[in-house]
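Okay, so here's the structure we're looking at.
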Amino acid sequence: MFLFSVFVASFLSLGAGFPHGAPSIACNGMVPGHLPTVTSGENPFRFNLSSKAYKPGGTIQGTLYAPGQMFKGFLIEVGAQNDVSSKETAVGEFINLDSSIEKHVCGTAAVTHVKNNEKSSVSFTWKAPADAKGTLYVRATVVQQFFPSRYWLGAFSVPLNPSK
(Lines give C-alpha, C1' and ligand atoms only; values in the text may rest on other atoms or scores of the structure.)
Protein backbone atom coordinates (compact mmCIF):
# COMPACT_ATOMS: atom_id res chain seq x y z
CA MET A 1 0.00 0.00 0.00
CA PHE A 2 2.86 2.38 0.81
CA LEU A 3 4.46 1.88 -2.64
CA PHE A 4 1.10 2.46 -4.32
CA SER A 5 0.70 5.73 -2.39
CA VAL A 6 4.19 6.86 -3.42
CA PHE A 7 3.42 6.00 -7.07
CA VAL A 8 0.13 7.94 -7.05
CA ALA A 9 1.74 10.96 -5.37
CA SER A 10 4.58 10.91 -7.92
CA PHE A 11 2.17 10.66 -10.84
CA LEU A 12 0.02 13.51 -9.52
CA SER A 13 3.07 15.72 -9.10
CA LEU A 14 3.82 15.27 -12.81
CA GLY A 15 0.42 16.75 -13.53
CA ALA A 16 1.23 19.80 -11.46
CA GLY A 17 4.00 20.70 -13.91
CA PHE A 18 6.14 23.59 -12.75
CA PRO A 19 3.70 25.99 -11.05
CA HIS A 20 6.49 28.40 -10.08
CA GLY A 21 8.20 28.63 -13.47
CA ALA A 22 10.22 26.66 -15.95
CA PRO A 23 13.37 25.00 -14.61
CA SER A 24 16.77 25.89 -16.06
CA ILE A 25 16.91 22.51 -17.80
CA ALA A 26 14.20 23.80 -20.20
CA CYS A 27 16.38 26.70 -21.42
CA ASN A 28 18.00 25.24 -24.56
CA GLY A 29 15.15 23.16 -25.98
CA MET A 30 12.25 25.08 -24.41
CA VAL A 31 10.28 21.85 -23.89
CA PRO A 32 8.31 21.54 -20.65
CA GLY A 33 8.42 18.27 -18.74
CA HIS A 34 4.64 17.94 -18.51
CA LEU A 35 2.94 14.58 -19.15
CA PRO A 36 0.71 13.52 -20.84
CA THR A 37 0.36 16.05 -23.67
CA VAL A 38 -2.70 16.81 -25.83
CA THR A 39 -1.47 19.76 -27.95
CA SER A 40 -2.40 19.84 -31.62
CA GLY A 41 -3.19 22.39 -34.30
CA GLU A 42 -1.73 25.77 -35.08
CA ASN A 43 -0.06 27.69 -32.26
CA PRO A 44 -2.45 30.54 -31.32
CA PHE A 45 0.14 32.60 -29.41
CA ARG A 46 1.70 35.74 -30.86
CA PHE A 47 4.00 38.60 -29.94
CA ASN A 48 3.35 42.31 -30.14
CA LEU A 49 6.74 44.09 -30.16
CA SER A 50 7.64 47.77 -29.95
CA SER A 51 10.11 47.41 -32.84
CA LYS A 52 11.14 45.08 -35.66
CA ALA A 53 14.78 46.10 -35.26
CA TYR A 54 17.17 46.15 -32.34
CA LYS A 55 20.14 48.32 -31.50
CA PRO A 56 23.01 46.70 -29.60
CA GLY A 57 22.33 47.48 -25.93
CA GLY A 58 18.88 48.87 -26.76
CA THR A 59 15.54 47.66 -25.43
CA ILE A 60 12.35 46.28 -26.96
CA GLN A 61 9.03 46.03 -25.14
CA GLY A 62 6.85 43.07 -25.95
CA THR A 63 3.64 41.27 -25.09
CA LEU A 64 2.87 37.57 -25.46
CA TYR A 65 -0.85 36.92 -26.07
CA ALA A 66 -3.47 34.92 -27.97
CA PRO A 67 -6.84 36.48 -28.75
CA GLY A 68 -9.52 34.83 -26.62
CA GLN A 69 -7.07 32.38 -25.02
CA MET A 70 -5.87 32.09 -21.43
CA PHE A 71 -2.63 30.44 -20.33
CA LYS A 72 -0.93 29.43 -17.09
CA GLY A 73 2.79 29.20 -17.81
CA PHE A 74 5.38 30.54 -20.21
CA LEU A 75 9.08 30.57 -21.06
CA ILE A 76 10.28 33.43 -23.28
CA GLU A 77 13.76 33.94 -24.71
CA VAL A 78 15.46 35.54 -27.72
CA GLY A 79 17.76 33.74 -30.15
CA ALA A 80 18.76 33.28 -33.78
CA GLN A 81 16.60 30.19 -34.47
CA ASN A 82 12.95 30.23 -35.53
CA ASP A 83 12.57 26.46 -35.54
CA VAL A 84 11.31 24.46 -32.56
CA SER A 85 13.71 21.60 -33.28
CA SER A 86 16.76 23.88 -32.92
CA LYS A 87 18.41 24.14 -29.52
CA GLU A 88 20.38 27.25 -28.77
CA THR A 89 21.63 29.58 -26.09
CA ALA A 90 19.51 32.70 -25.65
CA VAL A 91 20.99 36.17 -26.13
CA GLY A 92 20.38 39.48 -24.41
CA GLU A 93 18.60 39.80 -21.09
CA PHE A 94 15.17 40.54 -19.71
CA ILE A 95 14.95 43.62 -17.50
CA ASN A 96 12.37 45.50 -15.38
CA LEU A 97 10.49 42.33 -14.45
CA ASP A 98 7.09 42.44 -12.77
CA SER A 99 7.99 40.13 -9.85
CA SER A 100 4.32 39.25 -9.26
CA ILE A 101 4.13 37.66 -12.72
CA GLU A 102 7.61 36.75 -13.98
CA LYS A 103 11.13 35.81 -12.93
CA HIS A 104 14.49 35.13 -14.57
CA VAL A 105 15.60 31.67 -15.64
CA CYS A 106 18.66 30.69 -17.70
CA GLY A 107 20.62 33.45 -15.98
CA THR A 108 18.89 36.64 -17.13
CA ALA A 109 18.46 35.47 -20.75
CA ALA A 110 14.90 34.14 -20.34
CA VAL A 111 11.79 34.87 -18.34
CA THR A 112 9.18 32.48 -16.93
CA HIS A 113 6.02 32.60 -14.81
CA VAL A 114 5.99 32.93 -11.02
CA LYS A 115 2.48 31.53 -10.48
CA ASN A 116 0.35 29.21 -12.56
CA ASN A 117 -2.78 31.36 -12.39
CA GLU A 118 -4.56 32.10 -15.69
CA LYS A 119 -3.25 35.02 -17.74
CA SER A 120 -4.46 36.57 -20.99
CA SER A 121 -1.10 38.18 -21.77
CA VAL A 122 2.30 38.90 -20.31
CA SER A 123 4.49 41.94 -21.03
CA PHE A 124 8.27 42.12 -20.93
CA THR A 125 11.29 44.28 -21.71
CA TRP A 126 14.25 42.71 -23.50
CA LYS A 127 17.68 44.31 -23.63
CA ALA A 128 19.75 43.43 -26.68
CA PRO A 129 23.35 42.24 -26.27
CA ALA A 130 26.14 44.83 -26.59
CA ASP A 131 27.16 43.39 -29.99
CA ALA A 132 24.76 42.71 -32.87
CA LYS A 133 23.99 38.99 -33.26
CA GLY A 134 22.32 39.08 -36.69
CA THR A 135 18.63 38.38 -37.17
CA LEU A 136 16.94 37.35 -33.93
CA TYR A 137 13.50 36.06 -32.89
CA VAL A 138 11.60 36.27 -29.63
CA ARG A 139 10.29 32.77 -28.98
CA ALA A 140 8.06 31.23 -26.36
CA THR A 141 6.71 28.00 -25.02
CA VAL A 142 3.25 28.52 -23.54
CA VAL A 143 1.40 26.17 -21.16
CA GLN A 144 -2.40 26.39 -21.19
CA GLN A 145 -3.11 23.61 -18.69
CA PHE A 146 -1.04 21.24 -16.58
CA PHE A 147 -3.03 17.99 -16.53
CA PRO A 148 -3.49 16.67 -19.03
CA SER A 149 -0.73 18.91 -20.29
CA ARG A 150 -1.57 21.29 -23.12
CA TYR A 151 1.36 23.40 -24.22
CA TRP A 152 2.54 25.13 -27.36
CA LEU A 153 6.11 25.22 -28.64
CA GLY A 154 7.35 27.77 -31.11
CA ALA A 155 5.47 31.00 -30.72
CA PHE A 156 7.88 33.17 -32.74
CA SER A 157 8.04 36.91 -33.31
CA VAL A 158 8.70 38.59 -36.60
CA PRO A 159 12.44 38.76 -37.38
CA LEU A 160 14.35 41.36 -35.36
CA ASN A 161 17.14 42.75 -37.50
CA PRO A 162 20.04 44.76 -36.14
CA SER A 163 19.79 48.48 -36.83
CA LYS A 164 22.69 50.83 -37.29
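Because the structure is predicted, anything quoted here is derived from the model rather than measured. Just the heavy atoms: all of them, side chains too, but no hydrogens, waters or symmetry mates, feed the values below.
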Do [X] and [Y] come close enough that some side-chain heavy atom pair is under 4.5 Å?
X	Y	answer
F45	L64	yes
K72	Q144	no
M70	K119	no
W152	P44	yes

As an exercise, state the distance from [atom1] of [X] to [atom2] of [Y], rounded to the nearest 0.5 Å.
X	Y	atom1	atom2	answer
S120	Q69	OG	CD	11.0 Å
S123	Q61	OG	CD	9.5 Å
I60	S51	CD1	OG	5.0 Å
E77	T89	CD	OG1	8.5 Å
K127	T108	NZ	OG1	9.5 Å
E93	T59	CD	OG1	11.0 Å

Closest non-hydrogen atom pair, [X] against [Y]:
X	Y	answer
F71	V143	CB-O, 3.5 Å
V91	G79	CG2-CA, 4.4 Å
P56	S163	CD-O, 4.2 Å
A128	K55	CB-O, 3.4 Å
A109	F94	O-CE1, 3.4 Å
L160	A53	CD2-N, 4.3 Å

Exercise for the section: Verify the cluster assignment for Y151 and Y65: are they in a single hydrophobic cluster under the rule of side-chain heavy atoms below 4.5 Å apart? Expected result: no
Problem - Cluster link L97 to L49, ILVMFWY, side chain under 4.5 Å - result: yes
Practice task
With I76 as reference, evaluate V138, T112, V142, T141 under the side chain to side chain contact (heavy atoms under 4.5 Å, CB included) test and give the passing residue.
Solution key: V138
Problem - Candidate pair K133 and Y54, rule side chain to side chain contact (heavy atoms under 4.5 Å, CB included), full reasoning - result: CA-CA 10 Å; K133 301 293 184 188; Y54 70 93; 4.0 Å; yes
Problem - Distance-only polar pair, side chains of N48 and T63, donor-acceptor under 3.5 Å - result: no
Exercise for the section: Please state whether the rings of F156 and Y137 are parallel, tilted or perpendicular, taking 30° and 60° as the class boundaries. Expected result: perpendicular
Practice task
Spell out, as yes or no, whether a donor-acceptor pair under 3.5 Å connects the side chain of N43 to the backbone of L153.
Solution key: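 At least one qualifying donor-acceptor pair exists.
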